[in-house]
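Just so it is clear, the structure is predicted and the values come from calculations on it, not from any experiment. Just so it is clear: chains get the letters A, B, ... in the order the sequence lines come, proteins before strands, and each one is counted from 1. Reckoned from all heavy atoms, side chains included, excluding hydrogens, waters and symmetry mates.
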Amino acid sequence: MSTLDEVLTRARSLVGRWEDEDCGTVTVKDFCRYAAALNDADYIDRAREREATGAPVEAPALFLAATMSWEDGPPERELRPDGLAARESPCTEGLPVRQVHGGQTVRLLRAPVAGSRVTASRAVTSAERKQGRSGPFVLLGLTTRFTTADGTELTAVDETIVVMEAIDSPGTP
Amino acid sequence: MNPPVAGDLCPPQRYTHSTVQLFRFSAVSWNSHRIHYDAEFAASEGFPDVVVQSTLHGETLTRYALAWAGPNSLLETVSWRNRTTAVAGEPLTWTGTVRTVEGARVSLEVAVLKADGTPCVTGTVQLALV
């Protein structure tokens, strides 16, 4: 079985199986550091002013969607050679692959507010073998739903991941 | 700003992402994929330098759309497809065109273009004008 066939088989066995991940309680500092990485000093000023007056502080719009993982770890020794953790690279553990994001659709339903505890529920939704200009690949579809403890849905993300054979893999064109 | 109508062109925005920004965005989004901060590794996967994160493109698509629409706009949905990679230091241009206006909802076709006009990312942003 080829590497991509193995990815496909693993992915199809996971389709529809939802897993929950505790994102913890999101804080103003989390939001501000995220904004700082975007060079958004205005957001930081506004957020800290609102915090000082006791007003609710909303996260930057794509804060939840852009965060790749909410795990505590893993330590470096458990990462794949490309730096990804198993959670961030579903269906590829131990396989010589490279991967990139295909795209995303993000729906903002309600802004997360600092102090909220958030859960991310995620599932593989599809897995298809495709042929591109640079060779075959597997297109994985994933869906993540972010909710608060009372079940309020905050953000919904549908994304695709393109999984290809590693460049030095025997099956690579 | 005058009320938007379908076909309006947003002023293009030119920018680059620095290697420091890519590193900080990877750190803050807990994204340890080496193509985003390890140039040697990125080269081993066929990229000329460290690669701009897909989610950072999503932020750019959204932020320039919101800046164009003004302070009374809210993001409802953003959707994008990655066409080709962009790397640190590369001159990029954000473009936007009003696709539809339905009441207080405005939908924009947006893109991030390379210097030669090749799209890195294309997508749509839907905003609510409140």
Side-chain angles (χ1 to χ4, degrees), chain A residues 30-40 42-43 46 58 60-74 76 79-85 87-89 97-109 111 133-134 155-162 164 166-168 172, chain B residues 15-18 20-38 41-47 50-63 65-67 71 73-85 120-128:
Chain A
D30 296 331
F31 300 165
C32 287
R33 285 190 166 187
Y34 181 82
L38 297 167
N39 298 317
D40 188 350
D42 291 342
Y43 173 88
R46 288 196 308 273
E58 294 184 353
L62 298 185
F63 169 76
L64 292 175
T67 301
M68 198 150 171
S69 169
W70 300 88
E71 289 185 309
D72 293 337
E76 185 177 340
L79 297 176
R80 287 174 41 85
D82 62 9
L84 290 168
R87 187 267 179 214
E88 299 144 18
S89 179
V97 297
R98 59 201 158 102
Q99 51 204 309
V100 291
H101 250 120
Q104 290 194 7
T105 296
V106 183
R107 286 182 291 124
L108 286 301
L109 303 163
R133 279 174 300 177
S134 54
T155 301
V157 180
D158 295 305
E159 62 189 311
T160 55
I161 297 175
V162 178
M164 301 159 282
I167 281 181
D168 55 359
T172 306
Chain B
Y15 63 97
T16 61
H17 295 295
S18 70
V20 172
Q21 185 181 28
L22 297 193
F23 169 77
R24 296 218 305 172
F25 192 72
S26 274
V28 81
S29 60
W30 204 236
N31 180 346
S32 52
H33 198 179
R34 290 169 64 189
I35 62 171
H36 302 306
Y37 56 87
D38 181 339
F41 182 83
S44 78
E45 294 213 345
F47 303 116
V50 288
V51 174
V52 177
Q53 296 90 343
S54 171
T55 42
L56 185 53
H57 280 311
E59 279 286 356
T60 304
L61 294 177
T62 300
R63 284 171 174 260
L66 287 165
S73 58
L74 291 173
L75 176 66
E76 292 191 332
T77 305
V78 56
S79 179
W80 71 92
R81 184 173 168 196
N82 299 315
R83 306 281 179 174
T84 190
T85 52
C120 301
V121 182
T122 56
T124 60
V125 174
Q126 184 161 309
L127 306 173

Tell me every residue that passes ring-ring contact (aromatic ring centres under 6.0 Å, His included) with A/Phe63, counting only those two or more places apart in sequence or in another chain. A/Phe31, A/Tyr34, A/Trp70
Any donor-acceptor pair under 3.5 Å linking the side chain of A/Arg80 with the backbone of A/Val97? yes
Examine whether an atom of A/Ala61 lies under 4.5 Å from a heavy atom of chain B, and if so say whether it belongs to the side chain, the backbone or both; otherwise answer neither. side chain
Residue A/Val162 versus chain B: region with a heavy atom under 4.5 Å: neither
State, yes or no, whether a side-chain contact exists between A/Leu62 and B/Leu75 at a heavy-atom distance under 4.5 Å. yes
Most heavy-atom pairs under 4.5 angstrom with chain B, which of A/Leu79, A/Leu109, A/Asp40? A/Asp40
Which bit of B/Phe41 is near chain A, if near means a heavy-atom gap under 4.5 Å: side chain, backbone, both or neither? side chain
Top of B/His33, B/Arg83, B/Arg63, B/Arg34 for chain A proximity - count of heavy-atom pairs under 4.5 angstrom: B/His33
Under a 4.5 Å heavy-atom cut-off, does chain B meet the side chain of A/Leu38, its backbone, both or neither? both
Is it the side chain or the backbone of A/Ala65 that comes within 4.5 Å of chain B heavy atoms, both, or neither? backbone
Heavy-atom contact with chain A under 4.5 Å, split by part of B/Glu59: both
Looking only at B/Leu56, B/Thr55, B/Thr62, the option with the highest number of non-hydrogen pairs under 4.5 Å against chain A is B/Thr55
For B/His57, enumerate each residue passing the ring-ring contact (aromatic ring centres under 6.0 Å, His included) test, keeping only those at least two apart in sequence or located in another chain. none
Residue among B/Phe23, B/Trp80, B/Phe25 with most heavy-atom pairs under 4.5 Å to chain A: B/Trp80
Proximity breakdown for B/Leu22 and chain A, heavy-atom pairs closer than 4.5 Å: neither
Contact check, side chains of A/Leu84 and A/Gln99, non-hydrogen atoms, under 4.5 Å: yes
Candidate list B/Val121, B/Val52, B/Thr122, test side-chain contact (heavy atoms from CB on, under 4.5 Å), partner B/Asn82, passing option: B/Val121
Evaluate the side-chain proximity of B/Ile35 to A/Asp82: yes if any heavy-atom separation is below 4.5 Å, no if none is. no
Determine whether B/Arg81 and A/Thr160 make a side-chain contact, defined as any pair of heavy atoms from C-beta on separated by less than 4.5 Å. no
Honestly, the part of B/Thr60 sitting under 4.5 Å from a heavy atom of chain A is neither
